Amino acid sequence: MTDKRKVRKAVFPVAGLGTRFLPATKAVPKEMLTVVDKPVIQYVVDEALEAGIEHLIFVTGRSKAVIEDYFDIQVELDQTLRERNKKAEIELLEAILPKAGTTSFTRQQAPLGLGHAVWCARDLVGDEPFALLLPDMIMKGEKGCLKGMVELYEQSGGNVIAVEECAPNQAHKYGIVGVGDKIGEGFKITKMVEKPAPGTAPSNFFINGRYILQPEIFPILERQERGAGNEIQLTDGMVKLSGAQPFAAYHFRGDTYDCGAKDGFILANVAFALERGDIRPSVEEPLKALLQSLK
Ligand code: UTP
């Protein structure tokens with residue numbers, strides 16, 4: 001029977017080294033870099049909450065304690081804001097504070113790969129399906145990516161992966177899926193390959209960093225040997241699981257920004273700033289002028 005139990009928990013692997021963003025990430029986790037006025041991780045948590053997620057599980061690493069602090073009350077700040085009667089700021093902070101008992105943190109002691117980071121969450125997830133959101137990737141669309149995935153999952157059950165289209169000559173950079181029969185806003189996945197050699201990709205649909213997985217992935221990851229980059233790869237584990245369980249793809253139609261890379265991060269800041277009524281009027285014209293001044 002295809003498992004359709006409710007997706008209540010979400011895992012956020014935040015234990016990577018963020019080497020592409022050095023030197024900033026020497027002291028600041030990349031998930032805490034700000035896009036406009038919110039850390040990257042807040043966008044991803046908001047996406048999870050919009051999709052109905054009830055419990056947030058963070059797989060952290062050394063020097064990531066600030067992420068835990070961010071999702072807690074800052075007592076001194078709270079007190080000072082109250083003394084100064086800063087109502088708007090107090091409300092802003094209250095709105096983003098997770099409810100008591102709805103966050104959990106565990107540590108990946110060494111960055112052995114995404115597959116290993118996910119495996120570290122096994123006891124916190126338990127025996128139920130879960131969402132996995134890579135916090136580097138932030139998305140802008142009419143409907144949150146995970147919300148659309150949950151809707152598809154309610155039809156398909158099993159495992160669901162979000163995909164987007166890339167230029168065919170870029171497929172070798174990504175995890176790519178093979179396209180089967182249409183289902184809801186997506187299709188059944190016929191195969192998965194991590195970074196296919198140029199010209200061999202089964203399609204141009206790439207895995208964009210959002211997953212709904214069944215708990216049977218955990219024993220597979222436990223036995224998973226190191227793969228590409230000498231890391232324990234999630235895709236290798238999913239390929240094994242796909243021998244026993246169905247995988248569907250949700251075709252996300254929106255914009256995705258890889259905030260773990262400098263170009264993606266800069267584009268995200270511009271795109272999200274231009275969406276904001278309080279910021280767009282003062283940045284739009286200077287931005288246009290800047291672009292026109294380029295030779
Ligand atoms: P990335 O490869 O994008 O993250 O992993 P990274 O290793 O931090 O980045 P670079 O390449 O050195 O700049 C995708 C996601 O998986 C997490 C990362 O934090 C990121 O959110 N991850 C990766 C872990 O939690 N643990 C790992 O061992 C590897």
Side-chain angles (χ1 to χ4, degrees), residues 9-35 39-48 56-68 70-71 103-125 130-139 145-146 161-164 166 170 172-176 192 194-195 206-211 213 217-218 221-222 224-238 256-268:
K9 298 181 180 177
V11 174
F12 304 89
V14 291
L17 295 177
T19 53
R20 283 171 295 163
F21 235 121
L22 282 168
T25 45
K26 187 178 169 195
V28 181
K30 61 179 169 180
E31 298 79 10
M32 292 303 294
L33 298 175
T34 46
V35 169
V40 169
I41 189 76
Q42 183 71 58
Y43 289 85
V44 189
V45 162
D46 287 347
E47 182 188 330
L56 313 170
I57 299 169
F58 298 88
V59 181
T60 71
R62 257 183 298 280
S63 72
K64 302 271 182 164
V66 64
I67 298 176
E68 201 164 337
Y70 176 78
F71 288 106
T103 54
S104 297
F105 297 83
T106 189
R107 278 206 178 196
Q108 184 191 28
Q109 286 139 340
L112 300 179
L114 176 60
H116 182 260
V118 173
W119 178 73
C120 289
R122 65 197 179 283
D123 283 350
L124 292 171
V125 171
F130 64 100
L132 168 65
L133 299 95
L134 302 197
D136 295 7
M137 310 301 270
I138 61 172
M139 290 153 188
C145 183
L146 189 64
I161 302 178
V163 297
E164 285 171 54
C166 65
Q170 298 296 302
H172 64 279
K173 293 184 180 167
Y174 300 103
I176 300 287
M192 285 176 258
E194 186 62 42
K195 301 190 178 65
F206 72 94
I207 299 173
N208 74 1
R210 301 288 186 268
Y211 313 76
L213 295 171
I217 192 74
F218 292 124
L221 292 174
E222 180 153 356
Q224 189 65 48
E225 283 167 10
R226 291 179 187 231
N230 201 29
E231 290 191 339
I232 298 170
Q233 295 288 350
L234 177 66
T235 311
D236 294 343
M238 292 195 303
T256 295
Y257 302 92
D258 179 1
C259 290
K262 291 165 199 166
D263 49 2
F265 176 75
I266 289 164
L267 287 172

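Please read all numbers here as calculations on a predicted model, not as lab measurements. We count ligands from 1, going down the list as the structure has it; atoms in each ligand are counted the same way.
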Point to revise | Pair E164-T256, side-chain donor/acceptor within less than 3.5 Å | key: yes

Exercise for review: Kindly say whether the aromatic ring centers of F105 and F71 come within a distance under 6.0 Å.
Suggested key: no

Exercise for review: Keeping to residues at least two apart or across chains, list the side chain to side chain donor-acceptor pair (under 3.5 Å) pairs with something in residues 106-116.
Suggested key: Q108-H116

Review point. Do K30 and D136 come close enough that some side-chain heavy atom pair is under 4.5 Å?
Key: yes

Point to revise | Set of ring-ring contact (aromatic ring centres under 6.0 Å, His included) partners for F12, sequence neighbours left out | key: F58

Study note, to complete from the structure: Close residues (non-hydrogen atom under 4.0 angstrom from ligand 1) work out to P13, V14, A15, G16, L17, G18, T19, R20, K30, E31, Q108, P111, L112, G113, L114, A117, P135, D136

Review point. Does any pair with a residue in residues 17-28 pass side chain to side chain donor-acceptor pair (under 3.5 Å), and if so which ones, sequence neighbours excluded?
Key: R20-D258

